[in-house]
Enquirer: 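Starting off with a structure, shown below.
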Amino acid sequence: MEEKNLKISIAHLYPKLLNLYGDLGNIITLTKRCQWRGIEVEFEQINIGDSIKNHDLYFIGGGQDKQQEEVAQELFSNRAELIAQRDDGAVFLGICGGYQLFGHYYQPHDKDKLNGISLMDAYTVAGKKRFIGNVTVETDFLTPKTLVGFENHSGLTYLEGDTKPLGKVVVGNGNNSKDGFEGGRFKNVFGTYLHGSLLPKNPHFADYLISLALEKRYGEKIELTKLDDSIEVQTHNSLIGKTY
Ligand code: GLN
């Protein structure tokens, strides 16, 4: 199928509350990498009180515990719809606080447990230490294998059941600084602690998500035109193994 005849619909969930450390850059990257190929992008910002319609890809960023509290209630009220979207092959990308709400719950330090929406079998509990710094991850599903980004969280996330990590931590702490893994994936739901924002310096992951969203919409794998990613790749490579 010709890319110029294709369309993808993207929803940005609660950006007025969860948009820490430039997470909006992920939406800009997904949108631009579609538009540079002539793929039309339908975009919808979902705020508190809005209904959540069908989309090919949903993005949610990170935030402090307080903002997470407000979003958690809203997300939970849309849980059934979002699980149905997941089971229909929709792509989800959640960063940090958003990722934590993809699991069954997030237990902050000194507050009531926040219900997650169980898009993946995982849970998070607040730890005593805040993990801040650069992260390098080695995946087994991307080419190149690496993902790079920046973490800033005290939450410790534990994966269960069929939820797989995004990859092994090479530099940094990742999910909980104990099991050596970062992020989570179940079906087309992806969560990660990598802020930064993540996708501008990981264009191969952005294209991987776009391909999955197009396959969900059109029912077939669609080969994306190669873009000139020389600057993005140079940035990515400069961050591999960066520890400070
Ligand atoms: N409040 C959560 C934590 O500290 C998420 C923080 C974030 O989104 N950066 O773990």
Side-chain angles (χ1 to χ4, degrees), residues 11-30 45-48 58-76 82 92-137 147-160 163 165-166 169 171-185 189-202 205 239 242:
H12 190 173
L13 299 173
Y14 315 111
K16 290 182 181 157
L17 290 162
L18 293 183
N19 179 21
L20 220 47
Y21 314 120
D23 292 332
L24 180 64
N26 295 298
I27 288 284
I28 296 169
T29 302
L30 291 166
Q45 197 182 95
I46 307 277
N47 294 304
I48 298 291
Y58 298 85
F59 174 76
I60 184 167
Q64 302 305 332
D65 289 11
K66 180 155 177 11
Q67 286 79 14
Q68 276 180 284
E69 217 171 294
E70 199 174 337
V71 169
Q73 285 162 15
E74 188 79 2
L75 269 182
F76 194 74
L82 290 167
F92 289 78
L93 176 63
I95 308 289
C96 201
Y99 165 35
Q100 294 171 342
L101 296 177
F102 280 176
H104 301 309
Y105 63 84
Y106 168 51
Q107 175 59 68
H109 273 299
D110 46 8
K111 290 186 183 165
D112 295 343
K113 191 184 281 189
L114 301 183
N115 286 321
I117 51 175
S118 303
L119 289 183
M120 57 170 68
D121 198 352
Y123 66 92
T124 301
V125 290
K128 292 190 177 54
K129 186 167 178 253
R130 179 157 283 274
F131 300 127
I132 300 175
N134 287 293
V135 182
T136 300
V137 178
L147 282 173
V148 292
F150 186 85
E151 64 184 335
N152 181 336
H153 60 102
S154 65
L156 306 171
T157 297
Y158 299 93
L159 307 181
E160 298 184 309
T163 304
L166 284 190
V169 175
V171 169
N173 297 281
N175 283 338
N176 52 50
S177 87
K178 291 192 189 64
D179 64 15
F181 292 121
E182 155 54 22
R185 175 184 189 177
V189 179
F190 299 84
T192 177
Y193 276 110
L194 301 190
H195 283 286
S197 36
L198 171 71
L199 295 180
K201 47 183 173 269
N202 296 285
F205 189 35
L239 291 166
K242 189 174 169 70

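Atoms within each ligand, like the ligands themselves, are counted from 1 in listed order. All values below were derived from every heavy atom in this structure, side-chain atoms included, with hydrogens, water molecules and symmetry-related copies excluded. The first residue in the sequence is number 1, and the count goes up from there.
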Enquirer: Measure centre to centre between the rings of His12 and Phe59, then say whether the value is under 6.0 Å.
Expert: yes
Enquirer: Within a radius of less than 6.0 Å around NZ of Lys242, do more than 12 heavy atoms belonging to other residues, nucleotides or ligands occur?
Expert: yes
Enquirer: Do Asp23 side-chain atoms and Gly62 backbone N/O form a donor-acceptor pair below 3.5 Å?
Expert: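 Looks like yes, one N/O pair under 3.5 Å.
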Enquirer: For a 4.5 angstrom cut-off between non-hydrogen side-chain atoms, does Gln107 reach Tyr123?
Expert: no
Enquirer: Please find the pair of heavy atoms, one from Val135 and one from Val137, that lie closest to each other, and give the distance.
Expert: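 Closest heavy-atom pair between Val135 and Val137: CG1-CG2, 3.8 Å.
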Enquirer: Check each N or O atom of ligand 1 against all protein N or O atoms and list the pairs under 3.5 Å, with atom names and distances to 0.1 Å, one per line.
Expert:
residue  : atom   : partner : partner atom : Å
ligand 1 : 1 (N)  : Gly63   : O            : 3.3
ligand 1 : 1 (N)  : Asp65   : OD1          : 2.5
ligand 1 : 1 (N)  : Gln68   : OE1          : 2.8
ligand 1 : 4 (O)  : Arg130  : NH2          : 2.8
ligand 1 : 4 (O)  : Ser154  : N            : 3.3
ligand 1 : 8 (O)  : Gly63   : N            : 2.8
ligand 1 : 8 (O)  : Gly63   : O            : 3.2
ligand 1 : 8 (O)  : Gly97   : N            : 3.0
ligand 1 : 9 (N)  : Asn152  : O            : 2.9
ligand 1 : 9 (N)  : His195  : NE2          : 3.0
ligand 1 : 10 (O) : Gln100  : NE2          : 3.0
ligand 1 : 10 (O) : Ser154  : N            : 3.1
ligand 1 : 10 (O) : Gly155  : N            : 2.8

Enquirer: Is the centre of the Phe150 ring less than 6.0 Å from the centre of the Tyr193 ring?
Expert: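 No, too far apart.
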